[in-house]
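In what follows, a single structure is set out as structure tokens and then discussed.
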Protein chains: 2
Amino acid sequence: MELRDRILAAAARVYAETGFRGATTRRIAAEAGVNEVTLFRHFGSKSSLISEAIGAERGALLLGSLPGEPADPSAELTAWAEAVLELLREKRALIRTCMGDFEEHPEMMPPCGSPTARAAEALCEYVERLRRAGLATGNADPRVAASMLMGALFADAMGRDIMTDLYRSAPDEAVAGYVRLFLRGIGVEVA
Amino acid sequence: MELRDRILAAAARVYAETGFRGATTRRIAAEAGVNEVTLFRHFGSKSSLISEAIGAERGALLLGSLPGEPADPSAELTAWAEAVLELLREKRALIRTCMGDFEEHPEMMPPCGSPTARAAEALCEYVERLRRAGLATGNADPRVAASMLMGALFADAMGRDIMTDLYRSAPDEAVAGYVRLFLRGIGVEVA
DNA sequence: CCGATATGCAAGTACATGCTTGCAGCAGGC
DNA sequence: GCCTGCTGCAAGCATGTACTTGCATATCGG
């Protein structure tokens, strides 16, 4: 069992760096410290291997949760958003590579249940809770609002090291700014 | 001169579909309706060709402007944001591929002056104008605010066809929602 | 100790890749 | 008419690719 996982982890690493075409079976085998034939004996083909590696990586990515009974929206959301951004940033190479390969291999990215989408769903429900608790007065569509904050975090995680002229302030300050704007936008009073 | 541009356009198309490794000189030549050797006679190497093709594409992408004297922030911003989203969506395959290749070929994506960053800069200046005109009362960092809206638009353009469970409402409604949230966030009164 | 299973190693297959070379045609300018 | 510059065509080269086969070895349960 251990060897299988080592191969999967190696495949994910090489794939994140070089994409589907660049992730050659030789490189993956070398990265895993394993003979090339072993890959084929375990997974049959390169496609299956990489597909499974991405799936495992996606499943292993678990995100923090937002409180069921909101008390301090600003603090709670900031902490959550920082955690989400951190996770996305850690996996940014893999995520970017997947996006780049989407045109050629859409089957590698199932259209539902991505960590990003799950995070947005959690956020959406939190916004509804805020509203029910009377903490948010606005009438914005919570789903669109969630997409907006989530999109800002996603773009930040993906683009901060690429477009250095766009993201000049520190990540923490940026997240604080996003959350502040978001809360004011949905009608939450914030200092 | 015409042939050169035809080759560049073909290279950009093939690259957007398959990435650097997948964009073989044979495919580009076929797409351009040109013999393979012609590519090398004109550009020397595949790297130079693709690099130039991406550069040309990036330069050709020009974005709308925001009014110098803001009058109707909601209408102005919505129109602008829709145009930006449309542009990004048109080029999403190319942009995603570039992001995917960033790990291997960072030199293809100069860290400054990307269309996205330029749009964010324009947006930032617009926010400052709003504030000077007394239309915005908030004290949020305009640069962070601009990154947020721009990030939301960027993520929408990149992710709408990938994460279908995240983006359920129509693009126009989403943009309207982003802008509304943004304006309320920076302290602009909105209906 | 035996047999089954898992792995490594060496070699090979059929194909694709970036790039080069040599030669033929075909246009326009002098 | 002839020269020059551009293009196409055919072939080739060295390398890399996914994947296969055959055989030797190790490990472990019975």
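Keep in mind that this is a model prediction, so the values were computed, not measured. Numbered from 1 within each chain, the chains take letters A, B, ... in sequence-line order.
When the side-chain nitrogen and oxygen atoms of B/N35 are compared with OP1 and OP2 of D/dT7, none of them lie within a distance under 4.0 Å.
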Donor-acceptor pairs under 3.5 angstrom involving side-chain atoms of residues 52-65 of chain A: please list them, not counting sequence neighbours.
unit_1 : atom_1 : unit_2 : atom_2 : d
A/E52  : OE1    : A/R4   : NH2    : 3.4
A/E52  : OE2    : A/R4   : NH2    : 2.4
A/E57  : OE2    : A/K91  : NZ     : 2.7

Using distance only, find each side-chain donor-acceptor pair of residues 138-160 of chain A under 3.5 Å and give its atom names and separation, not counting sequence neighbours.
unit_1 : atom_1 : unit_2 : atom_2 : d
A/N139 : OD1    : B/R180 : NH2    : 2.6
A/D141 : OD1    : A/R143 : N      : 2.9
A/R143 : NH2    : A/E121 : OE1    : 3.0
A/S147 : OG     : A/R143 : O      : 2.8
A/D156 : OD1    : A/R160 : NE     : 2.8
A/D156 : OD1    : A/R160 : NH2    : 3.4
A/D156 : OD2    : A/R160 : NH2    : 2.9
A/D156 : OD2    : A/Y178 : OH     : 2.8
A/R160 : NH1    : A/S169 : O      : 2.8

Show me the side-chain donor-acceptor pairs of residues 110-119 of chain B shorter than 3.5 Å, one per line, residues at least two apart or across chains.
unit_1 : atom_1 : unit_2 : atom_2 : d
B/S114 : OG     : B/A117 : N      : 3.1
B/R118 : NE     : B/G113 : O      : 3.3

Contact string for nucleotides 11-19 of chain C, one letter per nucleotide 5' to 3', B = base within protein heavy-atom range under 4.0 Å, S = sugar-phosphate only, - = neither, reads ------BBB
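With sequence neighbours left out, the salt bridge (charged side-chain N to carboxylate O under 4.0 Å, His left out) criterion links B/E86 to no other residue. With sequence neighbours left out, A/D161 forms a side chain to side chain donor-acceptor pair (under 3.5 Å) with A/R92, A/R96.
Taken residue by residue, residues 8-19 of chain B places no heavy atom nearer than 4.0 Å to DNA chain C.
Distance alone, capped at 3.5 Å, is enough to place a donor-acceptor pair between the A/T137 side chain and the A/G187 backbone.
The distance between atom NE2 of A/H42 and atom C1' of C/dT5, rounded to the nearest whole Å, is 11 Å. Spacing between atom CZ of B/R6 and atom C1' of D/dG8 amounts to 13 Å, rounded to whole angstrom units. Between A/I28 atom CD1 and D/dC19 atom P the separation is 10 Å, expressed in whole Å.
Clustering of Ile, Leu, Val, Met, Phe, Trp and Tyr side chains at separations under 4.5 Å leaves B/V37 isolated, with no partner residue.
A donor N or O paired with an acceptor N or O is found under 3.5 Å between the base of C/dG8 and the side-chain atoms of A/R41.
The ring pair (Phe, Tyr, Trp, His ring centres under 6.0 Å) contacts involving residues 28-52 of chain A comprise nothing, where partners must be two or more places apart or lie in separate chains.
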